[in-house]
A.B. asks: 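Encoded as structure tokens, here's the structure I'll be asking about.
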Amino acid sequence: MPQADRLGEKTLRGIPVSGGVCRGKVLVLGKSQQNVPSYNVEASQIPAELERFENALIQTRREIVEVQQQVTQAMGADHGNIFEAHLLVLEDHTLIDEVIRVVNQQQINVELALKQASEKYMKALASINDDYLRERASDMRDVIERIMKNLLGGTDHFDVRRLTEQRILIGYDLPPSTTALLNKDLALGFATDIGTKTSHTAILARSLQIPAVVGVPSISQVLRSEEEVLLDGYNGLVILNPTDQALYEYGQLVKKKRDLQTKLGGLREQPAVTLDGVRRPLSANIERVDNATQVNDYGADGVGLFRTEYLFINRESLPSEEEQYESYRNAAATLRPHPIVIRTLDLGGDKLLSHLQVPTEVNPFLGWRAIRFCLQQQPTFCAQLRAILRAGAENNVKLMYPMITCLDEIKEANSLVAKCKDELRRENIAFDEAMPIGAMIETPAAAIAANHLAKSVDFFSIGTNDLIQYSLAVDRLNEKIAHLYEPTHPAILQLIKMTVKAAHDHGISVSLCGEMAGDPVLVPLLLGLGVDELSAAPPLIPSTKYLIRRLRLNEAKELADFALHCQCGQEIYSRCEAFSKKIAPSLFEN
Ligand code: PEP
Ligand code: MG
């Protein structure tokens with residue numbers, strides 16, 4: 001695809017995280033007032049709209065008072081008094097009444113009404129030749145920006161559920177909770193200033209099959225809403241004014257990819273078996289119950305990782321045991337007789353609850369996350385454990401703990417499982433007495449101590465997304481150091497090897513459910529290292545299966561043997577790439 005910009009074309013480059021090509025108008029999500037969302041509001045919704053305004057005013061007042069107190073403490077009352085003028089703007093009924101009038105009369109959203117009303121007043125104030133009034137215009141601008149931020153949820157993102165037309169979304173960032181809400185019929189693709197391949201945002205984009213590019217420097221500043229672009233999620237490009245030649249080339253690429261998918265679709269009923277006859281279960285990672293149908297459609301052998309956090313975010317309260325039970329049972333029933341591995345809540349890091357008072361942490365990935373959170377929030381954890389145990393009564397369900405770092409965590413979680421089983425027995429509620437329990441190996445501590453952990457669980461699943469970030473001290477969300485996030489780093493391969501050995505020494509199986517499992521370059525290496533099972537996003541299943549069916553396990557073992565003795569991650573990667581390209585060249589044509 002285009003290497004250099006052609007006449008009139010402008011190409012912005014970033015990290016490709018979800019394949020596909022789309023073309024359309026962009027919607028820039030941001031804090032700038034130019035990007036204020038605009039939509040009509042039904043008459044019956046106007047009171048709710050005005051209530052949002054009222055709440056934003058209260059919140060803004062609270063913030064200004066807080067800033068005033070801090071400034072007064074630090075710099076004295078004179079400086080603090082400056083904010084009196086800001087508080088006065090909030091009490092100015094001319095502006096507030098005007099916003100209310102516009103919402104009522106024009107039936108438009110409050111952000112747009114605020115923008116219109118404030119522009120009108122600022123223009124009037126600025127045109128008067130009076131220093132005091134000009135100052136007031138500047139105070140007003142500050143306060144309006146605060147109100148707007150609070151209206152937009154304080155996150156600089158507008159509610160993507162309000163999209164009514166097809167758009168390519170552009171933002172500084174798109175948190176996983178927002179990405180989970182995207183409707184792929186309207187959100188054609190997205191590009192962000194920051195982010196990496198293994199952020200949960202990128203993982204969701206792949207699972208939703210929405211083309212996405214992240215880490216495009218300043219894209220949210222460079223593009224304007226309504227500009228037309230072409231987004232290439234295979235190569236990480238966003239192209240403004242694509243030439244006819246580029247459009248033709250992309251047409252060819254899309255056709256090639258479609259033909260490949262048709263060819264791979266023929267493998268749906270075929271097993272993931274190597275040329276030398278070794279069967280390796282290939283399962284899928286899902287985030288939502290309705291993804292379970294997709295898992296069958298793509299021909300996976302069940303679910304190797306159900307990220308249950310998405311049942312908990314984007315809502316006002318926690319899901320009850322009953323609601324969770326219904327969800328888990330439905331997903332498991334869709335997959336029967338295949339297994340589903342349900343991972344207990346992995347909140348924290350980049351996945352946060354809006355309704356729990358979880359304090360902001362300086363290092364959220366090293367903080368109150370996953371099993372740590374659950375062991376301290378036992379009522380929440382036990383409700384989930386009971387729901388999972390019950391879902392296994394008639395289905396093939398396995399339970400898995402995330403982010404284990406030591407044996408004590410497994411023991412404590414296992415004793416809570418035993419307690420939940422006791423309760424269910426007493427209550428005469430059906431559940432699976434013999435449900436297998438696994439631990440994720442995604443911290444270096446767990447990999448190194450895998451020998452001890454293997455005695456207390458029935459299986460391991462290696463979470464390389466976290467294992468890599470924790471071992472190499474590379475934040476999995478930070479595009480500035482994405483080049484250091486190296487799956488083939490010799491240390492990572494040693495940790496995988498140690499985990500496999502510990503599992504096999506204790507007669508338990510080991511799966512791998514990080515993003516490495518769906519990367520065609522790395523699949524032969526992982527099988528060569530002895531991983532028993534792989535689990536990847538559903539759309540990646542056909543290509544992974546194709547690759548497995550074209551390799552010989554003994555050759556993959558030779559590749560792994562080379563890798564385990566090589567000191568250079570880049571050299572290992574190149575060797576893996578050459579290996580995969582040789583056995584499955586069609587997977588690499590971009
Ligand atoms: C992992 O860390 O590799 C993993 C599969 O879990 P998550 O991506 O949800 O953190
Ligand atoms: Mg993880």
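Heavy atoms only: backbone and side chains are in, while hydrogens, waters and symmetry mates are out. Start at 1 and go down the list; that is how both ligands and their atoms are numbered.
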A.B. asks: May I ask you to list the atoms of ligand 1 that are less than 4.0 angstrom from any heavy atom of Gly463?
C.D. replies: 1 (C), 2 (O), 3 (O)

A.B. asks: Any idea which part of Ile462 is under 4.0 Å from ligand 1, heavy-atom wise: side chain, backbone, both or neither?
C.D. replies: neither

A.B. asks: Ignoring hydrogens and angles, state whether a donor on the side chain of His504 or Asp532 is under 3.5 Å from an acceptor on the partner side chain.
C.D. replies: yes

A.B. asks: For atom 6 (O) of ligand 1, grab the closest protein heavy atom and report residue, atom and distance to one decimal in Å.
C.D. replies: Arg343 NH1, 3.0 Å

A.B. asks: Mark up the atoms of ligand 1 that fall under 4.0 Å of a heavy atom belonging to Gly514, in ascending order.
C.D. replies: 3 (O)

A.B. asks: Does Glu515 come within less than 4.0 angstrom of ligand 1, counting non-hydrogen atoms of the residue?
C.D. replies: no

A.B. asks: Which one holds for Arg476 and ligand 1: side chain close, backbone close, both close, or neither close, with close meaning a heavy atom under 4.0 Å?
C.D. replies: side chain

A.B. asks: How about Thr308 and Gln384: does a side-chain donor come under 3.5 Å of a side-chain acceptor?
C.D. replies: yes

A.B. asks: Using a 4.0 Å cut-off to any heavy atom of Cys513, which atoms of ligand 1 qualify?
C.D. replies: 5 (C)

A.B. asks: Check each heavy atom of Leu467 against ligand 1 and say whether those closer than 4.0 Å belong to the side chain, the backbone, both or neither.
C.D. replies: neither

A.B. asks: Assess the side chains of Gln469 and Asp466: does a donor N or O sit below 3.5 Å from an acceptor N or O?
C.D. replies: yes

A.B. asks: If the cut-off is 4.0 Å to any non-hydrogen atom of Leu305, which atoms of ligand 1 fall inside it?
C.D. replies: 5 (C)

A.B. asks: Inspect the contact between Asp561 and Lys557 and indicate whether a charged nitrogen and a carboxylate oxygen are less than 4.0 angstrom apart.
C.D. replies: no

A.B. asks: Taking side chain as C-beta onward, heavy atoms only, is Val21 less than 4.5 Å from Lys257?
C.D. replies: no

A.B. asks: Tell me, please, if Glu442 has any N/O/S atom, main chain or side chain, under 2.8 Å from the Mg ion (ligand 2)?
C.D. replies: yes

A.B. asks: Distance under 6.0 Å and angle within 45° of the ring axis: does Lys398 meet both against Phe459?
C.D. replies: yes

A.B. asks: To the nearest 0.1 Å, how far is atom 7 (P) of ligand 1 from its closest protein heavy atom, and which atom is that?
C.D. replies: His200 NE2, 3.1 Å

A.B. asks: Looking at the Mg ion (ligand 2), which N/O/S atom of Asp466 is the nearest one?
C.D. replies: OD2

A.B. asks: Is Glu321 salt-bridged to Arg390, cutoff N-O under 4.0 Å?
C.D. replies: yes

A.B. asks: With side-chain contact (heavy atoms from CB on, under 4.5 Å) as the criterion, how do Glu486 and Ile492 come out once you've worked through the C-alpha distance, each side chain's angles and the decisive distance to 0.1 Å?
C.D. replies: CA-CA 8 Å; Glu486 196 177 29; Ile492 301 299; over 6 Å; no

A.B. asks: Does a donor on one side chain and an acceptor on the other come within less than 3.5 Å for Asn395 and Tyr328?
C.D. replies: no

A.B. asks: Hey, is Arg369 touching ligand 1 through its side chain, its backbone, both or neither, going by heavy atoms under 4.0 Å?
C.D. replies: side chain

A.B. asks: Which of the atoms of ligand 1 are close to Ile203, meaning less than 4.0 Å from one of its heavy atoms?
C.D. replies: 8 (O)

A.B. asks: Is the shortest distance from a Lys or Arg side-chain nitrogen in Arg343 or Glu309 to a carboxylate oxygen in the other one below 4.0 Å?
C.D. replies: yes

A.B. asks: Purely on distance, is any nitrogen or oxygen of Glu442 under 3.5 Å from one on ligand 1?
C.D. replies: yes

A.B. asks: Are any of the heavy atoms in Met516 under 4.0 Å away from ligand 1?
C.D. replies: no

A.B. asks: Between Glu323 and Arg315, is there a salt bridge with N-O shorter than 4.0 Å?
C.D. replies: yes

A.B. asks: Which of the listed options, Glu287, Gln469, Arg307, Met440, holds the heavy atom that is closest to atom 9 (O) of ligand 1?
C.D. replies: Arg307

